[in-house]
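Here the structure is laid out as structure tokens; the discussion comes afterwards.
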Amino acid sequence: MNKVVLRQPQVADGTSIWHLVRDTGVLDVNSPYSYLMLCKFFSDTCVVAEQEGQIVGFVSAFRLPADQQTLFVWQVAVAESQRGKGLGKALLKALIRREACKNVRYLEATVSPSNLSSEALFRGFARDFATRCEVSECFPAHLFPGGNHESEMTFRIGPFRYQT
Ligand SMILES: CC(C)(COP(=O)(O)OP(=O)(O)OC[C@H]1O[C@@H](n2cnc3c(N)ncnc32)[C@H](O)[C@@H]1OP(=O)(O)O)[C@@H](O)C(=O)NCCC(=O)NCCS
């Protein structure tokens, strides 16, 4: 495999990230503006994977305003051609090892019940850190318009006792 570089996103990556998210076919595609905003204002808690000038992976996250020890992971996307090679987990690990996350003790993400790869990703991540993964309901399906969105379950992972 050609070298994959993990780095903080820059605003110039916004459009590529939007395409990557759109091409997953399963993630909510947010506005191009929102990806530019993440790249500009939240780059210390977001990460991209770049291979030969292409963005092949992305994680958006932020520390909860009311609980800076919790990193909330919003979206994780890996290009189809790169899946199953450990890149999703490597992106999350790169993030949690950042200076900006040095006081983070928990990682939270929401997962819809049918997204087995997402569930496997977060459970595997918790296992690698030898820590807990607790699941509870975050947003029940009825809160979403249109009646075709699953519930979103919170996966709360931690505490992190050490950085692996
Ligand atoms: C979910 C996603 C990010 C995983 O990325 P990835 O790079 O393939 O994941 P990894 O290779 O790092 O695998 C992490 C773990 O999940 C497991 N896994 C990954 N895809 C899986 C699948 N389809 N079925 C079962 N297990 C799977 C791996 O075996 C690995 O397990 P391990 O910790 O026991 O070794 C990727 O499938 C994706 O982009 N999906 C579309 C978007 C999405 O659903 N995002 C998540 C919601 S925010």
Side-chain angles (χ1 to χ4, degrees), residues 1-9 13-32 34-35 37-39 42-43 45-52 54-64 70-98 101 104 106-141 143-144 148-158 160-164:
M1 183 167 88
N2 291 319
K3 196 168 170 359
V4 177
V5 175
L6 307 189
R7 61 166 173 81
Q8 286 191 204
D13 300 316
T15 298
S16 302
I17 292 169
W18 183 86
H19 281 117
L20 177 71
V21 169
R22 184 200 59 183
D23 292 348
T24 65
V26 296
L27 292 177
D28 286 344
V29 185
N30 299 298
S31 68
S34 71
Y35 295 104
M37 203 177 65
L38 287 164
C39 292
F42 295 88
S43 65
T45 50
C46 295
V47 56
V48 290
E50 182 176 9
Q51 186 183 42
E52 294 181 327
Q54 303 290 315
I55 300 297
V56 294
F58 170 64
V59 176
S60 52
F62 55 89
R63 276 164 290 145
L64 292 180
T70 297
L71 182 73
F72 181 81
V73 171
W74 184 7
Q75 290 190 307
V76 185
V78 169
E80 206 159 345
S81 62
Q82 300 301 322
R83 289 186 196 159
K85 301 175 182 174
L87 184 54
K89 220 153 67 166
L91 285 162
L92 292 177
K93 286 183 181 177
L95 206 48
I96 210 81
R97 290 186 185 122
R98 287 247 183 98
C101 293
V104 165
Y106 291 89
L107 182 150
E108 282 188 10
T110 73
V111 176
S112 45
S114 69
N115 196 335
L116 301 180
S117 53
S118 182
E119 174 163 359
L121 169 68
F122 289 112
R123 287 199 186 280
F125 180 79
R127 202 182 52 243
D128 286 2
F129 280 84
T131 194
R132 290 196 298 272
C133 176
E134 287 173 358
V135 180
S136 59
E137 189 170 55
C138 184
F139 301 125
L143 294 181
F144 294 94
N148 57 2
H149 198 298
E150 284 182 89
S151 299
E152 292 279 348
M153 307 300 291
T154 296
F155 279 47
R156 182 168 169 82
I157 297 167
F160 302 113
R161 294 180 195 82
Y162 55 89
Q163 306 274 309
T164 61

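Atoms within each ligand, like the ligands themselves, are counted from 1 in listed order.
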Next item on the list: Could you name the option among Leu92, Val59, Val76 that has the heavy atom nearest to atom 42 (C) of ligand 1?
Entry: Val76

Check: To the nearest 0.1 Å, how far is atom 47 (C) of ligand 1 from its closest protein heavy atom, and which atom is that?
Finding: Ser118 OG, 3.4 Å

Notebook entry, point to check: Is ligand 1 under 4.0 Å from a heavy atom in the side chain of Asn115, in the backbone, in both, or in neither?
Noted result: side chain

Next item on the list: Report the nearest protein non-hydrogen atom to atom 2 (C) of ligand 1: residue, atom name, distance rounded to 0.1 Å.
Entry: Leu121 CD2, 4.6 Å

Notebook entry, point to check: Any idea which protein heavy atom is nearest atom 38 (C) of ligand 1, and the distance to it?
Noted result: Arg83 NE, 3.4 Å

Notebook entry, point to check: atom 11 (O) of ligand 1: which of Ala120, Ser60, Gly86 has the nearest heavy atom?
Noted result: Gly86

Notebook entry, point to check: Do the side-chain N and O atoms of Ser114 and Glu150 include a donor-acceptor pair separated by under 3.5 angstrom?
Noted result: yes

Notebook entry, point to check: Which bit of Val26 gets closer than 4.0 Å to ligand 1, counting heavy atoms only: side chain, backbone, both or neither?
Noted result: side chain

Next item on the list: Provide, to 0.1 Å, the distance between atom 8 (O) of ligand 1 and the closest protein heavy atom, together with that atom's residue and name.
Entry: Gly84 N, 2.8 Å

Check: Without hydrogens or angle criteria, can the side chains of Thr154 and Glu108 be said to hold a donor-acceptor pair below 3.5 Å?
Finding: no

Margin query: What protein heavy atom lies closest to atom 1 (C) of ligand 1? Include the residue and the distance to one decimal.
Written below: Ser117 OG, 3.7 Å

Note to self: When you measure from the heavy atoms of Arg123 to every atom of ligand 1, does any distance fall below 4.0 Å?
What the structure shows: no

Check: Would you say Leu27 touches ligand 1, if touching means a heavy atom closer than 4.0 Å?
Finding: yes

